[in-house]
Amino acid sequence: MSGKSFAPKRIIKLRREFSLPGYKNLEDVKLDGDYVTPLQIAAHSKTGPCLVAYNWIDAPTAIKHRDFLAEYGYLPDIAFNKVLELAFKQINIRREDTYMTQAFHLLPSNKRSSYISRRDLRESFNKITLHEIRGRKVIALGNDADYACKPYEDQYLNYVKTIHPSSRIGSHEKKAAIIAKAIQKVL
């Protein structure tokens, strides 16, 4: 990881200090860096739309793909990223034209689909994400990101809610079109 910082140091510090029992942090999986989330290796625009997802990845997957994730910050072959790439193409932007983060900043110790309690989600969002995205053009990807953003709507955040890229509502192309439309609302 280069010395380049993709987020304000105070937000990175908040992320590094945050912990909850039963979860791993980026240091635990040897992926700590000068970012709030490794997604920002590829998506760290200071002025572009800010996409907020539920969580990044689980600890076993992060460990398994550590070298690739340390270089790129995301796994291009998972449905979430395939759909986002299609959405970006539909509106002629690149991943690096966006800023990506998540509502929950720890890694489930088990598989990605592990349950994260609403309390834990809200605590992470309140302590990190809210400070990170305030003043940005935000797109909440899915119900969990919307749940985290909703209490701050109008007071601190103006955001657009859309589907999660991994939702089961149809083809990748259909989901990408819905997400692209949401992103266009903030461009």
Rounded to the nearest 0.5 Å, how far does [atom2] of [Y] lie from [atom1] of [X]?
X: K30; Y: L69; atom1: NZ; atom2: CG; result: 15.0 Å
X: E132; Y: I12; atom1: CD; atom2: CD1; result: 9.0 Å
X: I91; Y: L187; atom1: CD1; atom2: CG; result: 5.5 Å
X: K82; Y: L75; atom1: NZ; atom2: CG; result: 11.5 Å

Counting N and O atoms only, with roles assigned by atom type, does the side chain of [X] sit under 3.5 Å from a partner on the main chain of [Y], one being a donor and the other an acceptor?
X: R15; Y: I128; answer: no
X: S124; Y: A103; answer: yes
X: W56; Y: Y74; answer: no

Same apolar cluster: V29 and Y72, side chain cutoff 4.5 Å: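 Linked within one cluster.
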Partners passing ring-ring contact (aromatic ring centres under 6.0 Å, His included) against Y156 (at least two apart in sequence or in another chain):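 Per chain and number, Y156 pairs via ring-ring contact (aromatic ring centres under 6.0 Å, His included) with no residue.
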Side chain to side chain, D58 and L107, heavy atoms closer than 4.5 Å: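 D58 does not reach L107 side chain to side chain.
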Presence of salt bridge, E123 and K127, under 4.0 angstrom: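 Result for this pair is yes, salt bridge flagged.
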Do any side-chain atoms of residues 138-151 form donor-acceptor pairs under 3.5 angstrom with protein atoms, and if so which ones, sequence neighbours left out?
residue: N143; atom: OD1; partner: K161; partner atom: NZ; Å: 3.0
residue: D146; atom: OD1; partner: Y159; partner atom: OH; Å: 2.5
residue: K150; atom: NZ; partner: E153; partner atom: OE1; Å: 3.0

For the residue pair [Y] / [X], report whether a side-chain donor-acceptor contact shorter than 3.5 Å exists.
X: T129; Y: H105; result: yes
X: Y99; Y: Q40; result: yes
X: N126; Y: Y152; result: yes
X: R95; Y: N81; result: yes

M100 and its side chain to side chain contact (heavy atoms under 4.5 Å, CB included) partner, picked from V52, T37, L84, V36: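 The residue from V52, T37, L84, V36 that satisfies side chain to side chain contact (heavy atoms under 4.5 Å, CB included) with M100 turns out to be L84.
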Parallel, tilted or perpendicular, as decided by the 30° and 60° cut-offs, for the rings of F80 and H164: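 Judged by the thresholds at 30° and 60°, the geometry between H164 and F80 is tilted.
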Salt bridge (Lys or Arg N to Asp or Glu O under 4.0 Å) between D32 and R16, worked out: CA-CA 8 Å; D32 191 22; R16 285 180 174 147; 2.9 Å; yes
